[in-house]
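A short write-up of the structure that comes next.
Residue numbering restarts at 1 for every chain, and letters A, B, ... go by the order of the sequence lines.
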There are 2 protein chains.
Amino acid sequence: MSIRNPKQKLYEQFAIVAKALGHPQRLELIEHLAQGPRSVEALAMKLGLPIANVSQHLQTLRRAGLLSAERNGKFVNYRLVDDSGLAAFASVRTVAERHLAEVDRIVRGYFEARDDMEPVTRQELATRMRDGLVTVIDVRPPDEFALGHVPGAINVPLGDLPARLAELGKDKEVVAYCRGPWCVMSFEAVAALRSHGYAARRLADGMPEWRAAGMAVEVAA
Amino acid sequence: MSIRNPKQKLYEQFAIVAKALGHPQRLELIEHLAQGPRSVEALAMKLGLPIANVSQHLQTLRRAGLLSAERNGKFVNYRLVDDSGLAAFASVRTVAERHLAEVDRIVRGYFEARDDMEPVTRQELATRMRDGLVTVIDVRPPDEFALGHVPGAINVPLGDLPARLAELGKDKEVVAYCRGPWCVMSFEAVAALRSHGYAARRLADGMPEWRAAGMAVEVAA
DNA sequence: CTGTCATTCAATGATTTTATTGAATGATGT
DNA sequence: ACATCATTCAATAAAATCATTGAATGACAG
């Protein structure tokens with residue numbers, strides 16, 4: 001029986017939060033919930049995991065104060081309680097990006113092979129959209145697009161891109177975005193567009209960051 | 001053998017960082033290293049833990065990119081590689097402070113009993129110091145004070161405070177600070193000073209945050 | 001070279017976390 | 001009431017993390 005002083009008790013609580021972030025699939029759950037509220041089943045489908053497993057992860061995140069759950073009929077909808085969880089995720093990501101050699105290796109090996117250009121910043125995109133210089137495509141699945149997207153963006157899920165190239169004029173630069181800074185879909189989209197002769201770039205991060213930065217968001221009717 | 005796509009590999013790396021933050025004593029190590037570089041033995045002494053145990057925790061933090069180690073003769077000095085680790089700690093703390101009921105309980109039960117006043121912000125302190133309105137005391141141990149302190153602050157380790165009350169005039173407000181936002185020493189100092197009739201408040205956070213905010217820092221000769 | 005000291009390594013058991021399975025719960029619709 | 005469906009709970013085994021111990025390493029002093 002160890003005597004724990006108040007500082008140690010506080011640090012145990014902080015550790016609960018960090019521990020909740022310390023599992024790759026829980027981070028992925030956060031990424032998906034950052035697009036909008038979701039039921040357990042919907043999340044399990046997106047991640048390709050058993051429902052009971054996802055349910056347990058969600059409860060771990062809820063106990064850490066990252067999520068709230070609301071019952072809606074038969075379904076339980078989970079959502080991020082606020083931006084602080086996403087901010088914690090982002091700061092953890094920053095540490096890894098700056099100091100882990102393995103991250104560098106993965107980025108060089110996969111991501112830079114698809115898009116080695118500087119991404120577009122939010123501000124830059126907002127300006128170029130206002131001036132009518134770019135076509136913005138949202139490459140996420142339609143359900144995520146419906147929950148909120150960059151005003152004026154066209155929803156072209158990655159799988160549909162080859163069939164819908166004709167919709168995108170070559171006179172304007174195409175800017176693609178999806179769920180976040182390392183969402184593979186926007187990298188794949190940019191690579192595909194370039195190979196077809198389009199001028200294409202990525203947005204530096206995704207929808208949740210756009211929303212968190214206070215930019216206007218359009219929601220499906 | 002699971003096939004892991006590049007996103008999952010990245011998330012595993014992010015999880016390594018979060019996992020490293022997911023242990024109360026590793027968080028405490030970060031707090032101490034935020035005061036300045038330290039040897040393994042010195043940290044073990046401060047935390048009251050076996051050296052081998054501390055060594056292992058430090059290596060976990062190093063593998064997560066949070067610390068760097070430099071050999072200096074017989075000693076190995078660990079240090080925070082940059083502010084990003086402290087920022088991650090801070091954002092995890094924010095989640096816990098906002099959403100964990102247990103944190104609220106601990107703060108109410110212990111900390112607010114010692115100091116229920118609004119703490120002084122850095123900017124406010126800088127202004128009031130310039131105008132000569134406050135006496136600033138640094139209640140950390142002398143070795144930490146020596147590695148950097150608020151210019152003009154007096155080092156009064158908490159244990160010495162009762163014997164050194166006479167040094168502090170009652171005409172000026174006394175502001176106490178120590179290692180960080182929930183460092184118990186500054187709470188105890190404020191409580192002790194108030195009980196002796198002094199006007200006393202805490203700085204909202206500690207030395208590492210002062211330094212990270214770009215404020216001037218004085219180092220012992 | 002030898003002894004000492006700070007640190008790391010390696011091995012161990014104890015504890016915690018994780019994934020899986022199937023049963024229990026709670027709400028809905030017939 | 002009954003069947004159905006989404007979710008949670010409970011139990012289990014596998015895996016990871018943790019603290020502890022004592023031996024190995026690497027640097028210095030004599």
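Comparing atom distances between the B:Lys74 side chain and each of C:dT7, D:dC28, D:dA6 picks out D:dC28 as nearest. Closest to the side chain of B:Pro50, out of D:dA19, D:dT20, C:dT7, is D:dT20. Proximity note for A:Asn53 (side chain, C-beta onward) versus C:dA19, D:dG26, D:dA19: the nearest is C:dA19. Considering only the side chain of A:Arg71, C:dG26 comes nearest among D:dG22, C:dG26, C:dT18. Picking from C:dT7, D:dT20, D:dC5 the nucleotide with the shortest atom distance to the side chain of B:Val76 gives C:dT7.
Among the heavy atoms of the strands, none lies under 4.0 Å from B:Thr60. Within the 4.0 angstrom heavy-atom criterion, only backbone atoms of the sugar-phosphate kind lie near B:Gln59; the bases stay farther away.
The phosphate of C:dC9 (OP1 or OP2) has no side-chain N or O of B:Ser55 nearer than 4.0 angstrom.
At whole-Å resolution of the value, CD in A:Glu70 and C1' in D:dA6 are 15 Å apart. In this structure, the CD atom of A:Glu12 is 13 Å from the P atom of D:dC18, given to the nearest Å. Distance OH (A:Tyr78) to P (D:dT7): 9 Å, rounded to an integer number of Å. In this entry the distance linking NE2 of A:His23 with C1' of D:dA16 reads 11 Å, nearest Å. Distance CG (B:Leu27) to P (D:dC18): 12 Å, rounded to an integer number of Å. Spacing between atom CZ of B:Arg38 and atom C1' of C:dT7 amounts to 17 Å, rounded to whole angstrom units. Distance CD (B:Glu41) to C1' (C:dC5): 9 Å, rounded to an integer number of Å. Summarising the geometry, the separation between CD1 on B:Ile51 and C1' on D:dA19 is reported as 15 Å, rounded to the nearest angstrom.
One donor-acceptor pair, N or O on each side, does fall under 3.5 Å between the base of C:dT20 and the side chain of A:Gln56. At a cut-off of 3.5 angstrom, counting only N and O atoms as typed in the model, there is no donor on one side facing an acceptor on the other between the side-chain of A:Gln25 and the base of C:dT18.
Taking the screw axis at each terminus of the helix from C:dC1-D:dG30 to C:dT30-D:dA1 from five consecutive base pairs, the angle between the two is 20° to within rounding of 10 degrees.
Between B:Tyr11 and the options A:Glu28, A:Arg93, A:Glu31, a side-chain hydrogen bond (donor to acceptor under 3.5 Å, both in side chains) holds for only A:Glu31.
For the pair A:Asp143 and A:Arg38, the salt-bridge criterion is met [side-chain N within less than 4.0 Å of a carboxylate O].
For the pair A:Arg114 and A:Phe111, the cation does not sit on the ring face, since its NZ or CZ is not both under 6.0 Å from the ring centre and inside 45° of the axis.
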I would like to know whether B:Ser55 and B:Gln59 meet side-chain hydrogen bond (donor to acceptor under 3.5 Å, both in side chains); could you show each step before the answer? CA-CA 6 Å; B:Ser55 174; B:Gln59 287 173 67; 3.1 Å; yes

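Taking both residues in full, the closest heavy atoms of A:Leu66 and A:Gly85 are given as CD2-CA, 3.4 Å, listed atom of the first, atom of the second, then distance. For the residue pair A:Gln35 and A:Leu147, the shortest heavy atom distance occurs at O-CB, 3.8 Å. Across all non-hydrogen atoms, the minimal contact from A:Leu203 to A:Trp210 is CD2-CE3, 4.2 Å.
Ring geometry for B:Trp182 versus B:Phe187: interplanar angle under 30°, hence parallel rather than tilted (30 to 60°).
Both A:His57 and A:Gly73 lie near DNA chain C, and the one whose nearest nucleotide falls closer to the 5' end is A:His57.
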